[in-house]
**Q** 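Before I ask anything, let me first share the structure, which is written out below as structure tokens.
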There are 2 protein chains.
Amino acid sequence: MTAGDTARPLRADARRNRDRVLAVAREAFAEEGPDASLNEIAQRAGVGPGTLYRHFPTRRTLQAAVLGDRIQRLAGRADELLTTAPPGEALAGWMRALLEHGRTDHGLGGAMMAEPLDVGFDCHATIRAAAERVLGGAQRAGAARPDLSCDDVIQLVVGIALSTVQGDPGRSERLLGLVLDAVLVRDPG
Amino acid sequence: MTAGDTARPLRADARRNRDRVLAVAREAFAEEGPDASLNEIAQRAGVGPGTLYRHFPTRRTLQAAVLGDRIQRLAGRADELLTTAPPGEALAGWMRALLEHGRTDHGLGGAMMAEPLDVGFDCHATIRAAAERVLGGAQRAGAARPDLSCDDVIQLVVGIALSTVQGDPGRSERLLGLVLDAVLVRDPG
DNA sequence: ACCTGAACACCGTTCAAGT
DNA sequence: ACCTGAACACCGTTCAAGT
């Protein structure tokens, strides 16, 4: 199920307009960040402002829709890692993926996690569930500190993303490494 | 020396206007966050928009001026802690102070650290110097990991501030504790 | 030297009118 | 049922005119 799924199908032209707006918004957020002009997005998509607002009543709704499949992929990546890597590495790898997600679109990914409100499909719940899976796996294997919650993991990583959006990715990785030292339990080998 | 010091003294009315704007901006940022309307600040201060822009050509300039003395106090707190607490506790205490700073004014404190550009007096340099002092002290005493840079410390703490501005302070402290586990060297006692 | 405030281009948002 | 686009209130920013 995709982020944009609604109760019953849209009329053909409505669906097309929605997709157009979404495609343009994707580019706009990538280029100009989360505060890109909505009117300009509507214009570039060839629709009136009203049409944009009909489909996405608030800016956050549009942001959530843009991030939707990215978040789905992020959740899927958790299960992928759990079957292809040892638990500790799976957790570390997923945190790396979350970090990258947080940095996308000039920090839009991280910003959405930093604000409590949820829109459309529940981004928070999806990410939290994925975090719980990788963290739980690592904890049961004794590879991660047992007193950690998935919110701890998420907020630490999102924090790194937000404090380094402007800088180079190398800084992000460096900081993630430091946090991992507090999260992972040293392998006695 | 205060943040607002300029080369030569202002005319009396100019100085008064500047102070008025600054006082109103302080309230506005505290209430509405870093994006508070500049026009409204000018109006509430009883000056025209042009006057505000004359004194603070960009929003960041105004933000820096508002945060100025807070940053001075934060830097002073470093030295205070270094003389009243053992090195490891001084570092931890200062990081706590930095965390609180990052959360002020709806995250304005943290946001300014997350963007590279500097305005007016150099906020970054002031904070980095303070961080270097407490971190260096702790490292020389063997209380902190020797491979850490002051940027590591700052960005980790600022990240926590940014990812928890909306939530309760308890979450911030919790996450700071986790980061401290990676920063401090366990006391063998 | 400094202030004022009208003016401009822009933004988000709404809503009557259309199809 | 959906779209359009004019309209409104607002914002940041500038600048000629004043003192």
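Just so it is clear: chains get the letters A, B, ... in the order the sequence lines come, proteins before strands, and each one is counted from 1. Note that the coordinates shown come from a computational prediction; the quantities given were computed from them, not determined experimentally.
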**Q** B:Tyr53 OH to D:dT13 P: how many Å, rounded?
**A**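 Result: 4 Å.
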
**Q** Kindly point out which of D:dG12, D:dC11, D:dC2 is positioned nearest to the side chain of B:Glu40?
**A**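 Selected nucleotide: D:dC11.
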
**Q** Give A:Ser37 one of three labels, base, sugar-phosphate or nothing, depending on what nucleic acid heavy atoms sit under 4.0 Å from its own.
**A**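 The answer is sugar-phosphate, as A:Ser37 gets under 4.0 Å only of primed atoms, P, OP1 or OP2.
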
**Q** Of all the choices, D:dC11, C:dT14, D:dC3, which nucleotide is nearest to the side chain of A:Pro49 once you look at every atom?
**A**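 Taking heavy atoms from C-beta onward, the closest nucleotide is C:dT14.
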
**Q** With the side chain counted from C-beta on, respond yes when B:Asn17 and B:Arg20 share a heavy-atom pair under 4.5 Å apart, and no when they do not.
**A**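 B:Asn17 vs B:Arg20: side chains touch.
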
**Q** Name the closest nucleotide to the A:Asn39 side chain, picking from D:dC2, C:dG12, D:dG12.
**A**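 Between D:dC2, C:dG12, D:dG12, the one nearest the side chain of A:Asn39 would be C:dG12.
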
**Q** May I ask you to test the A:Asp105-A:Val66 pair for a side-chain heavy-atom distance under 4.5 Å?
**A**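 Side-chain contact under 4.5 Å: yes.
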
**Q** Distance check needed: C:dA6 C1' versus B:Leu52 CG, whole Å only.
**A**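 My rounded result for the distance is 17 Å.
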
**Q** What is the separation between atom CG on B:Leu38 and atom C1' on C:dC10, rounded to the nearest whole Å?
**A**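 Distance check: B:Leu38 CG to C:dC10 C1' gives 15 Å.
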
**Q** Backbone N or O of A:Trp94 within a donor-acceptor pair of the A:Arg77 side chain at under 3.5 Å?
**A**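 Absent.
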
**Q** Closer to the 5' end of DNA chain D via nearest nucleotide, is it B:Gly50 or B:Arg59?
**A**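 Its nearest nucleotide lies further toward 5', so the answer is B:Arg59.
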
**Q** Could you run through DNA chain D and flag its stems, i.e. three or more consecutive Watson-Crick or G-U pairs with both distances under 3.5 Å?
**A**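 For DNA chain D the paired stretches long enough to count as stems (3 pairs minimum) are C:4-8 with D:12-16, C:12-16 with D:4-8.
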
**Q** Count the heavy atoms of every other residue, nucleotide or ligand shown that sit under 6.0 Å from CZ of A:Arg174, and state whether that count exceeds 12.
**A**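 Count over threshold, so yes.
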
**Q** Please determine, for the side chain of B:His55, which listed nucleotide (C:dC3, D:dG12, D:dG5) has the closest atom?
**A**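 Output: C:dC3.
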
**Q** Starting from P on D:dA1, measure out to CZ on A:Arg15 and report it in whole angstrom.
**A**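 Between P of D:dA1 and CZ of A:Arg15: 18 Å.
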
**Q** Between C:dG12 atom P and A:Arg60 atom CZ, what is the distance in whole Å?
**A**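 Rounded to the whole Å, the gap is 16 Å.
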
**Q** Could you work out which one of D:dC3, D:dT13, D:dC11 sits closest to the side chain of A:Asn17?
**A**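 Between D:dC3, D:dT13, D:dC11, the one nearest the side chain of A:Asn17 would be D:dC3.
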
**Q** Consider side-chain contact (heavy atoms from CB on, under 4.5 Å). Of A:His124, A:Met113, A:Glu132, A:Met95, which one does A:Ile154 pass it with?
**A**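 Of A:His124, A:Met113, A:Glu132, A:Met95, side-chain contact (heavy atoms from CB on, under 4.5 Å) with A:Ile154 is met by A:Met113 alone.
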
**Q** Evaluate whether atom CD of B:Gln139 has more than 12 neighbouring non-hydrogen atoms of other residues, nucleotides or ligands under 6.0 angstrom away.
**A**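 Yes, because the 6.0 Å sphere around CD of B:Gln139 holds more than 12 heavy atoms from other groups.
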
**Q** Consider the side chain of B:Arg54, meaning its heavy atoms from C-beta on, and name the nucleotide among D:dC3, C:dC2, D:dT13 that approaches it most closely.
**A**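 Nearest to the side-chain atoms of B:Arg54, counting from C-beta on, is C:dC2.
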
**Q** C:dC11 C1' sits how many Å from B:Asp35 CG, rounded?
**A**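 Distance check: B:Asp35 CG to C:dC11 C1' gives 14 Å.
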
**Q** Checking contacts here: which listed nucleotide (D:dC3, D:dA1, C:dC2) is nearest the side-chain heavy atoms of A:Arg11?
**A**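 Comparing D:dC3, D:dA1, C:dC2 against the side chain of A:Arg11, the answer is D:dA1.
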
**Q** What is the distance, to the nearest angstrom, from the CG atom on B:Asp19 to the P atom on C:dC3?
**A**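 Going from B:Asp19 (CG) to C:dC3 (P), I get 11 Å.
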
**Q** Within the 4.5 Å heavy-atom criterion, are A:Val21 and A:Ile41 side-chain neighbours or not?
**A**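 Yes, side chains in contact.
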
**Q** Round to a whole Å and report the spacing from CD of A:Gln43 to C1' of D:dT4.
**A**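 Rounding to the nearest Å, CD of A:Gln43 and C1' of D:dT4 are 13 Å apart.
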
